[in-house]
Asker: 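This structure is in structure tokens; I'll ask about it shortly.
So you know, we letter chains A, B, ... as the sequences are listed, proteins then strands, and number each from 1.
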Amino acid sequence: MPELPEVTTITNQLKREIIGSTIGDVRSVGGYKTQPEFPEFKKRSLGLKVSSVRRIAKNIVIEVVSAKGVSTNMYIVIHLAMTGRLLLRSLGYKPDPWTRLVFKLEAGSGKPVTGVELRFCDSRMFGFVRLASQEELEQYANKYGPDALDEKLTPKVFLEQLKKKRTEVKRALLSQDLIAGAGNIYVNDSLWMARIHPMTRTTDLKSNDAVNLLGALQEILQESIEHRGSTLGDKMYIDVYGEEGTHQNHFRVFGKNGQPCIRCGTLIETFDLGGRGTFFCSTCQVKNAVTVKQNPPSNVKQVGLF
DNA sequence: ATGTTTGTTCCGAT
DNA sequence: CATCGGAACAAACA
């Protein structure tokens with residue numbers, strides 16, 4: 001579930017809560033596998049102090065140093081994939097479903113924490129928790145394209161990246177090696193906002209499309225971060241405090257099959273692209289359109305988005 | 001029982 | 001050999 005806004009929300013909350021804390025204990029539940037193998041993982045991470053937390057693509061990267069602050073060249077890399085959660089719970093808080101790994105955190109030099117647990121939960125177990133050296137982390141980070149929210153990402157570079165794959169624009173946007181961070185929800189809504197059909201070939205995209213699409217993507221991602229991400233009906237995504245996001249109340253087309261387009265009233269359609277649910281407005285989003293502004297039918301009430 | 005799922009990787013086909 | 005696209009990964013839920 002978590003895409004860039006959800007991972008950013010969790011990363012920001014962890015920055016606020018766990019920097020300066022030390023790892024007092026680590027517990028693997030039901031033989032959950034880490035990398036390296038759990039006994040080694042535990043041995044290497046015990047007693048270390050959290051010095052920074054950051055996001056790389058959809059990964060959460062926790063830098064750990066020795067208790068005295070000496071660099072260990074070690075990072076805890078967490079990917080939530082589809083159903084992963086990170087929950088910060090007070091000691092003794094009721095068990096969370098699908099708990100796989102628990103870090104017991106103790107007060108470090110920076111934080112008057114009396115004792116909390118950071119719980120990694122993952123129903124489908126597509127996510128992972130691993131230790132990486134600086135070199136391993138750099139190599140791992142290298143496979144990603146520029147981050148969708150990178151300030152240095154220009155429409156020109158954005159378009160060059162997308163055109164590296166000769167396929168539909170929706171597929172290209174989902175390829176993390178081209179542009180990192182976007183997932184199915186935000187790609188659907190960004191294409192709608194930019195009035196681009198999901199099936200448009202990347203090779204048919206014009207520079208004007210790139211300006212619109214990058215603008216839409218960044219606007220929607222930022223907006224979702226402000227809403228602390230999207231929690232769908234299955235409630236799989238919640239933040240470290242267990243709170244749901246609210247951006248699901250601001251979806252443009254995602255999950256809105258059969259509902260009227262908020263811009264023109266046409267019923268939203270859905271189909272499968274890249275094995276993912278794809279939602280679009282057949283009036284607003286025309287393949288290879290020469291950016292023609294659509295006037296909504298007069299009987300449709302305008303929604304004040306634009 | 002069947003179909004669905006927000007991410008990523010792998011393997012077969014082209 | 002490189003690229004692309006579908007299947008697979010595993011589990012819960014409707």
Side-chain angles (χ1 to χ4, degrees), chain A residues 1-10 29-33 35 55-60 77-86 96-101 120-130 139-145 147-148 161-192 198-203 217 220-221 223-225 227-239 244-258 270-279:
Chain A
M1 328 231 318
E3 306 179 27
L4 183 150
E6 291 77 22
V7 178
T8 300
T9 300
I10 289 170
V29 180
Y32 183 74
K33 287 184 163 49
Q35 210 182 72
R55 176 182 68 76
I56 295 178
K58 296 173 190 167
N59 301 272
I60 296 156
V77 181
I78 301 169
H79 199 301
L80 302 175
M82 301 275 265
T83 57
R85 291 172 167 171
L86 278 175
D96 287 295
W98 316 302
T99 300
R100 309 296 182 184
L101 203 64
F120 172 74
C121 309
D122 190 5
S123 153
R124 289 172 73 183
M125 295 205 287
F126 289 170
F128 61 78
V129 180
R130 64 175 64 137
Q139 192 178 0
Y140 180 63
N142 238 338
K143 69 178 187 171
Y144 291 108
D147 194 84
Q161 287 295 110
L162 292 182
K163 286 193 175 192
K164 283 184 181 174
K165 275 205 171 71
R166 279 165 305 208
T167 181
E168 300 93 343
V169 60
K170 190 196 173 196
R171 249 185 240 281
L173 274 174
L174 289 171
S175 297
Q176 304 296 301
D177 54 334
L178 299 182
I179 299 292
N184 197 38
I185 291 174
Y186 301 105
V187 163
N188 272 288
D189 276 10
S190 300
L191 287 166
W192 174 87
M199 296 266 279
T200 308
R201 311 294 299 190
T202 55
T203 45
L217 180 62
I220 287 178
L221 291 174
E223 192 185 282
S224 180
I225 291 169
H227 294 136
R228 295 180 1 273
S230 304
T231 299
L232 302 188
D234 62 7
K235 309 287 186 225
M236 282 315 298
Y237 165 72
I238 47 180
D239 67 15
E244 297 176 14
T246 62
H247 187 76
Q248 64 278 11
N249 302 320
H250 304 270
F251 286 163
R252 274 56 172 208
V253 293
F254 183 81
K256 293 195 179 286
N257 186 30
T270 184
F271 65 100
D272 185 291
L273 207 175
R276 290 292 176 291
T278 304
F279 302 87

Asker: Atom NE2 in H227(A), atom CD1 in I220(A): separation rounded to 0.5 Å?
Answerer: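 Spacing of NE2 (H227(A)) from CD1 (I220(A)) equals 11.5 Å.
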Asker: So which nucleotide from dG5(C), dT8(B), dT3(C) ends up closest to the side chain of E168(A)?
Answerer: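 My answer, after comparing the listed nucleotides, is dG5(C).
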Asker: For the residue pair H79(A) and F128(A), does the interplanar ring angle fall in the parallel (under 30°), tilted (30 to 60°) or perpendicular (over 60°) class?
Answerer: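 Ring orientation of H79(A) relative to F128(A): tilted.
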Asker: Atom CG of D234(A) to atom C1' of dT4(B): distance rounded to whole Å?
Answerer: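 Value for this atom pair: 10 Å.
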Asker: Between atom CD in Q35(A) and atom P in dT8(B), what is the gap in whole Å?
Answerer: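 Atom-to-atom, Q35(A) to dT8(B), this comes out as 16 Å.
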Asker: Kindly say if K165(A) contacts the phosphate of dT3(C), meaning a side-chain N or O under 4.0 Å from OP1 or OP2.
Answerer: no
Asker: Surrounding NZ of K33(A) (heavy atoms of other residues, nucleotides or ligands, distance under 6.0 Å), is the total greater than 12?
Answerer: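 Counting neighbours around NZ of K33(A), 12 or fewer heavy atoms of other residues, nucleotides or ligands fall under 6.0 Å, so no.
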Asker: If a pair means Watson-Crick or G-U wobble with both distances below 3.5 Å, what does DNA chain B look like in dot-bracket form, with | marking bases paired to a different strand?
Answerer: .||||.||||||||
Asker: In Å and rounded to the nearest 0.5 Å, what is the CG to CD distance from L173(A) to Q161(A)?
Answerer: 11.5 Å
Asker: Quick one: does K170(A)'s side chain get under 4.5 Å of N184(A)'s, heavy atoms only?
Answerer: yes
Asker: Before you tell me yes or no, could you show the steps for L191(A) and V253(A) under side chain to side chain contact (heavy atoms under 4.5 Å, CB included), namely the whole-Å CA-CA distance, both residues' side-chain angles and the distance that decides it to 0.1 Å?
Answerer: CA-CA 9 Å; L191(A) 287 166; V253(A) 293; over 6 Å; no
Asker: Quick check on side-chain contact (heavy atoms from CB on, under 4.5 Å): which of T83(A), V29(A), T99(A) does C121(A) satisfy it with?
Answerer: T99(A)
Asker: Tell me whether the count of non-hydrogen atoms from other residues, nucleotides or ligands lying under 6.0 Å of CD in Q139(A) goes above 12.
Answerer: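 Open: at most 12 neighbouring heavy atoms sit under 6.0 Å from CD of Q139(A).
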Asker: Starting at CD of E3(A) and ending at P of dT5(B), how long is that distance when rounded to a whole Å?
Answerer: 14 Å
Asker: Does T167(A) have a side-chain nitrogen or oxygen under 4.0 Å from the phosphate oxygens OP1 or OP2 of dG5(C)?
Answerer: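 T167(A) to dG5(C) OP1/OP2: side-chain N or O found under 4.0 Å.
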Asker: If I pick the P atom on dT4(B) and the same atom on dG6(C), what distance separates them, to the nearest angstrom?
Answerer: 16 Å
Asker: Yes or no on side chain to side chain donor-acceptor pair (under 3.5 Å) for Y144(A) and N59(A), after CA distance, side-chain angles and deciding distance?
Answerer: CA-CA 11 Å; Y144(A) 291 108; N59(A) 301 272; 3.0 Å; yes
Asker: Taking atom P in both dT9(B) and dC1(C), what distance in whole Å separates the two?
Answerer: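 It comes out at 23 Å once rounded to the nearest Å.
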Asker: Distance check, P atoms only: dA10(C) and dC11(B), in whole angstrom units.
Answerer: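 Result for the P pair: 14 Å, nearest Å.
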Asker: Quick check: closest heavy atoms across L4(A) and A148(A), and the distance to 0.1 Å?
Answerer: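 For L4(A) and A148(A), the tightest heavy-atom pair comes out as CD1-CB, 4.3 Å.
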Asker: How does protein contact run along nucleotides 6-14 of chain C, one letter per nucleotide 5' to 3', with B for base contact, S for sugar-phosphate only, - for none, heavy atoms under 4.0 Å?
Answerer: S--BBBS--
Asker: Which pair of non-hydrogen atoms, one from T203(A) and one from R166(A), has the smallest distance, and what is that distance?
Answerer: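 Here T203(A) and R166(A) meet closest at CG2-CG, 3.6 Å.
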Asker: Expressed in angstrom and rounded to an integer, what is the separation of F271(A) atom CZ from dG5(C) atom P?
Answerer: 13 Å
Asker: Tell me the interatomic distance from K164(A), atom NZ, to dT3(C), atom P, rounded to whole angstroms.
Answerer: 10 Å
Asker: I'd like to compare against my own output: the B/S/- annotation of nucleotides 9-14 of chain B with a strict under-4.0 Å heavy-atom distance to protein.
Answerer: S-----
